[in-house]
Amino acid sequence: MYESKPYGPVQDQNDFVNAVVGVKTWHSPFTILMLCGAIEDCLGRKRIQHWGPRVIDLDVLLYNNLNIATTKLIIPHADMHNRDFVMHPLAEVKRSKI
């Protein structure tokens, strides 16, 4: 778990706690994205302000070696390389060779 300051244009909010997990799945990346949204909804996420405070934010960062660019899903995640709070835990997951 990594604590970080808010990233993006809305800085007036609490720090975030970040984590990255690696999973093996037979689900498609689009199904994984849908499941992430369902988890966010179950945990009470409200989409009130883009980049604003939220109780949880789940993203699909990578999926094997796929490159996907649609309006709903971009893999690899478009801005992850600019986010240390993503890259550091991602490096740990990749080292563990899940």
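Residues: numbered from 1 along the sequence shown.
In this structure the side chain of N14 never reaches within 4.5 angstrom of the side chain of P53, judged on heavy atoms. Contact annotation: the side chain of L61 approaches that of V20 to within less than 4.5 Å [non-hydrogen atoms, C-beta and beyond]. Residues L58 and L35 are not in side-chain contact: their nearest non-hydrogen atoms beyond the backbone lie 4.5 Å or more apart. In this structure, P29 and L73 have side chains that are in contact, with non-hydrogen atoms separated by less than 4.5 Å. Side-chain atoms of R54 and K46, non-hydrogen and from C-beta on, never get closer than 4.5 Å to each other.
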Notebook entry, point to check: Please walk me through it: do L90 and L62 pass side chain to side chain contact (heavy atoms under 4.5 Å, CB included)?
Noted result: CA-CA 10 Å; L90 180 61; L62 300 166; 3.9 Å; yes
Checklist line | M1/N18 under side chain to side chain contact (heavy atoms under 4.5 Å, CB included): CA gap, chis, key distance, verdict | finding: CA-CA 5 Å; M1 302 257 240; N18 306 279; over 6 Å; no
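Scanning all heavy atoms of the two residues, the minimum distance from Y7 to W51 falls at O-CE3, 3.1 Å. Nearest approach of C36 to V60, heavy atoms of both residues: SG-CG2, 4.5 Å.
Note that CD1 of I32 is 9.0 Å distant from CH2 of W26, once rounded to the nearest 0.5 Å. To the nearest 0.5 Å, the span separating CG on N64 from NZ on K24 amounts to 10.5 Å. Of the inter-residue distances, the one linking H77 atom NE2 with D59 atom CG reads 4.0 Å to the nearest 0.5 angstrom. Note that the CG atom of N82 and the CG atom of D79 stand 4.5 Å from one another [nearest 0.5 Å]. If you take CD1 on I68 and OG1 on T70, they are separated by 7.0 Å, rounding to the nearest 0.5 Å. Atom CG of L33 and atom CD1 of I75 lie 8.0 Å apart (nearest 0.5 Å).
P6 is linked by a side-chain contact (heavy atoms from CB on, under 4.5 Å) to Q11, Q13, D15, F16, counting only residues two or more places apart in sequence or in another chain.
Using cut-offs of 30° and 60° on the angle between ring planes, the pair Y2 and H88 is parallel.
Ion pairing between a basic and an acidic side chain is recognised when a charged N comes within 4.0 Å of a carboxylate O; R47 and E40 show such pairing. Between D41 and R45 there is no salt bridge, since none of the side-chain N atoms of the basic residue sits less than 4.0 Å from a carboxylate O of the acidic one.
Transitive grouping of hydrophobic side chains (ILVMFWY, heavy atoms separated by less than 4.5 Å) brings L66 and F30 into a common cluster.
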